[in-house]
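Below is one structure, written out as C-alpha cells; the observations come after it.
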Amino acid sequence: MSVASVIVDVPAKQTDREFDYAIPKKWENVIQRGMRVIVPFGPRMVQGFVAGLKEKSDFGKLRNIKEILDIEPVLNEELLNLGNWLTEETMCFKIQALQSMLPSALKAKYDKGLRIVEGKDTLIAAELLDSFHNKDVIPWKEATEGNQASLFQKEVQKGNLEVVYFVKDQLNKKTARFVSPNVSLTELERHLSTIPDRARKQRELISYFIENYGKVQLKDLLAAVETTHSTVKSLAAKGLLMESDEEVYRDPYKDRTFDKTSPFILTEEQQAAIEPVRKSIEKDLHDVFLLYGVTGSGKTEIYLQAIDAVIKKGGEAIMLVPEISLTPQTVKRFKERFGEQVAVMHSGLSIGERYDEWRKIHRKEVKLVVGARSAIFAPFENLGIIVIDEEHESSYKQEETPRYHARDVAIRRAQSHKCPVILGSATPTLESFARAKKDVYKLLTLEKRMNNRALPGVSIIDMREELRAGNRSMFSGMLFTKLKERLDRDEQTVLLLNKRGHSSFVMCRNCGLVTDCPNCDISLTYHRYNHSLKCHYCAHEEPMPAVCPDCGSDHIRFFGTGTQKVEEELGKILPEARVIRMDVDTTSRKGSHERLLNAFQEGQADILLGTQMIAKGLDFPNITLVGVLTADTMLHLPDFRSSEKTFQLLTQVSGRAGRHEKAGEVVIQTYTPEHYSIELSGFQDYDAFYEREMYIRRMNNYPPYYYMALVTVSHEDLMETVAATEKITSYLKSGLSPAAIVLGPVASPISRIKNRYRYQCLIKYKREPKLKKMLRTILENYQQGTAKNDLQINIDLNPQIMM
Ligand code: ADP
Ligand code: ZN
Ligand code: ZN
C-alpha cells in the first residue's frame, strides 16, 4: 500500500477526519493500521495514528509520512474500532478517543527550534555556526534564552535560519547495565587459578560467576561481591566478562515478594454464584453478571477463581478496582494468586512505570491487569473476562473528554470478545440493579458473610440532641465512650469525616461575610498549614485575613470541620490516642498513602482518621470500631444521586469493622437521622433502600427510568452564556419528541468557574433516536465559531456529576 490515512493530533472540528499521506517506499510493507507516525501538518510536524491503508488517494499531491514511531501497531483492530465507538458515544474527536486508550508516555510532546536554511551555512555568523556544530536543530529555548538570542533573531530575519517544528518522543525506555561471562564455565574455572591472590576482588568476581553462571545487573553484582565497577572493567578488558546495556522494566512492586496462595474451597453460596460465570467462560458467551453481595461475603474469591478459569483456558483478564481502593493489599491478593502474570495500572505510578506495565500487556508477557478506570483499554487480544469491582463507584466515569464510563466500555469490549463481564458490589447502582431485575444482567447473590460473621451493629446518633444536652463537641457521648474502650482494649478505630461538598469556609461572625473566590462562584477553603485561603477550582490563593475585609471585625474564623481540626480535638479529649490522618494533604506525595496504611496496620496508631479515601479496601483484623462524624454532608448537594451516594458510603465504611474474629461496631453521627438513606444504612438494608429510592426516581423522572444528557455552556459574558443556552434549549425542544423533558436554561449549581459563567440544559429522555445527531449539530455549530467567540459547550451523556 502506498497511501496511509492518518488521524492527526490536532483536536478541532476541522481536523476531525482522516488525512491522506504518501508512504515512502522503504516503509511500504512496514506501516500498518494502528501505528503512530509523524506527519507534516501545515508548517508543523504532528503525531498521528494510521487509521487506514490504500493504493490511491482522491487527493492530488500528497505529503510524505516523515517518521514512524512504532514498529508494531500500538492499537489493534479491536481497539481502533472501539475508538470509533467512543467517538460516537461520547461525542469527542477521533484523536481524543485514540489517545485516551494509550498510556500518556505514548503521547507526543511538541517543540520547535531553529535550523539553517539549505545552502545558507556560508552566510551565517561564525559564532552561531559553532552552536550548530554536530546539530541540525537548536531547540527553541536554547536559542531564545541564551545570550545569543539577538544573533539568532537577526539570522532569522535575514532568511538564513528558519523555524522548524518537531515532535518529541516522551517515551523513554529504561535501560540498565548488565554483566555476564564472556567465556564458558570451565574457562572461568581455569582462569580463576591463574589470577594472583592479591587480586582478591577479581577472584571473588569470577567465583561469583562460577556459582551463578549467567547475566546479572551490574548494581546487584557490585552489591553481592562488594566491589567497584573498575574490577568488573578490568575483567572485561581481559575478555572474561562482558558488559551490556539492556532495557529493564520499572517495576513498582519489585521490592516485594508474594507468597503463592491457593484457591479456597468455595462455600455453597459462592459455588452457586460462580457456576453461571464458569458456563459462559466455557462456552464463550457474552453475559453481564451483577454479583451482589455484602462486604466480606467472598466476592473477590469469586473474581479470582473466575479469572483463573479464564487463564487456564488460555485467555486474558481485566480486573478493575476503583482508584482509591487500589491499595497494596488489593494488589497483593492478585499477585499472590497469579504471580508474574499480573500487570498493575493506576495513577499512583509514574508515567514510565505505567508505560512499562502497559508494555507487559502489549507484549503478551502477562495475563491479567489489575487497574483503575483506564486499564479497561488494556491491549489484550484474547480477553476472556472483565471484572469491575465496586461497580457503583463514580470514579469509573471519566470526567473529562472523552467522558466514557468504564462499565459501558467493558460491556462493549466483552461483546467483541464474546466473554462475560462481572459487575460486583454490596450497593449496586440503581441502574445496574434495575437491569438485573429485568434480566438484562444476570443477578448473582451472596447473602452471607464469610463464616457467617455478623454485620457490625450500627448506632445512629442524633447530633441535635447531643447539642440540646449541652455537648458542643464534634464527638457524641457514645462515640467518645467507645473510642475510649478501644484504647483500653488495644483495638483500632477508623474515623470517617464525610467531607465531600463540605469544605472549611471562612465567615465573619459579625457581619456574616463568607470569603468567596474572585473568579469562581464558590467559597474559598481554609488551609491551615500555610494559613491561607484557596479555591479548589482555579487554584486562586490568598492569605487568611486577620480582620473582616467588609466590617473590620476580628471575629473572622473558619467553619466546617476539616480533618486537621478533628485531629486537634482528638488531641484534647484523648491525648493518649495515637492518630494517623489521611486526606489530600497527607497523601499527596507518592507512596505516602501506602506508608500511612502500613503504619496503621502495624499498630503504630490507634485511630485512622480520614476522608472518603479510607472507606474502601481496608481489611485489618484489629479494627473493631468505625465512627462517622458527619453522615449527612453529602445529602444536601444539588445532585439527584446524593441519597444513593450517602447510603453507599455509609454501608461501605461500616463494612470496615469486624471483618475478622473480633466483632465490630459502627457509630454514625448525623443531624438528619430520619432520612431514609441514613436510617436504612443502619440496617445495611440495600433492598429496602432500592425500593424507596426507585420510587423517588420514578416520581421525579430520573434514571434508571429516564436517560439523561447534560449540556453545559460557558462564556466570560453572562448575556452570551444565557443567550446561547436559550438557543440550544429551544432547538432541542423543537426537534425532540414530546416525551422528552428538556429543562433549561438554568444556571449551573456552580454558576461561575475561572471567571466564566456557566448555564445548563438538562435533557431527560427514554427513546430519542434523533438526540445524538442534534447534539452533534450543536457542537459543530459552536466549535466552528470558537475562533471569534470563546463559547464552550460541554456535552455529558449519562452525567454522574450534576455541577
Ligand atoms: P468481598 O470481596 O465480598 O469483600 P472477600 O472475597 O474479600 O469478600 O472475602 C472475605 C474474606 O473471606 C477474605 O479474607 C477471604 O480470604 C475469605 N474467603 C473468601 N472465600 C472464602 C472461602 N471459600 N473459604 C474461606 N475463606 C474465604
Ligand atoms: Zn465582617
Ligand atoms: Zn476560583
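The figures here come from the full heavy-atom set of this structure, side chains too, leaving out hydrogens, waters and symmetry mates. Just follow the structure's listing: the first ligand is 1, and inside any ligand the first atom is 1. Just so you know, these numbers come straight off a predicted model, no measurement behind them. In this chain, residues are counted from 1 in sequence order.
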Check: Under 3.5 Å, is there a donor-acceptor pair between the Tyr396 and Arg407 side chains?
Finding: no

Notebook entry, point to check: In this structure, which one of Arg489, Glu491, Gln492 forms a side chain to side chain donor-acceptor pair (under 3.5 Å) with Thr624?
Noted result: Glu491

Margin query: Would Phe264 count as a polar contact of ligand 1, with the cut-off being nitrogen or oxygen pairs under 3.5 Å?
Written below: no

Notebook entry, point to check: Counting from 1, what ligand 1 atoms have a heavy atom of Glu301 closer than 4.0 Å?
Noted result: 6 (O), 19 (C), 20 (N)

Checklist line | Heavy-atom check, side chain of Ser654 versus side chain of Val626, under 4.5 Å | finding: no

Check: Is ligand 1 less than 4.0 angstrom away from at least one heavy atom of Ser297?
Finding: yes

Note to self: Less than 3.5 Å apart, any donor N or O on the side chain of Gln652 or Glu390 sitting next to an acceptor on the other?
What the structure shows: yes

Note to self: Under 4.0 Å from a heavy atom of Val294: which atoms of ligand 1 are those, numbered in the order shown and with their elements?
What the structure shows: 3 (O)

Next item on the list: Find all atoms of ligand 1 within a distance of less than 4.0 Å from any non-hydrogen atom belonging to Gly298, and give their numbers and elements.
Entry: 1 (P), 3 (O), 5 (P), 6 (O), 8 (O), 9 (O)

Next item on the list: Just say parallel, tilted or perpendicular for the rings of Tyr686 and Phe647, cut-offs at 30° and 60°.
Entry: tilted

Check: Among Thr300, Thr330, Leu266, Thr261, which one has a heavy atom closest to atom 6 (O) of ligand 1?
Finding: Thr300

Item checked: Thr429-Glu391 side chain donor-acceptor pair, cut-off 3.5 Å -> yes

Notebook entry, point to check: Hey, which protein N/O/S atoms does the Zn ion (ligand 3) have under 2.8 Å?
Noted result: Cys517 SG, Cys520 SG, Cys535 SG, Cys538 SG

Checklist line | Contacts of Ala272 that satisfy side-chain contact (heavy atoms from CB on, under 4.5 Å) - sequence neighbours left out | finding: none

Check: Between Ile265 and ligand 1, which part of the residue brings a heavy atom under 4.0 Å of the ligand: side chain, backbone, both or neither?
Finding: backbone

Item checked: Contact check, Ile302 vs ligand 1, heavy-atom distance below 4.0 Å -> no

Checklist line | Winner among Glu390, Arg333, Lys299, Gln270 once heavy atoms are compared against atom 23 (N) of ligand 1 | finding: Gln270

Notebook entry, point to check: Is a side-chain donor-acceptor pair under 3.5 Å present for Arg758 with Ser714?
Noted result: no

Check: Considering only heavy atoms from C-beta outward, does the side chain of Tyr303 approach that of Leu291 to under 4.5 Å?
Finding: yes

Checklist line | Side chain proximity check, Leu496 to Leu649, heavy atoms < 4.5 angstrom | finding: yes

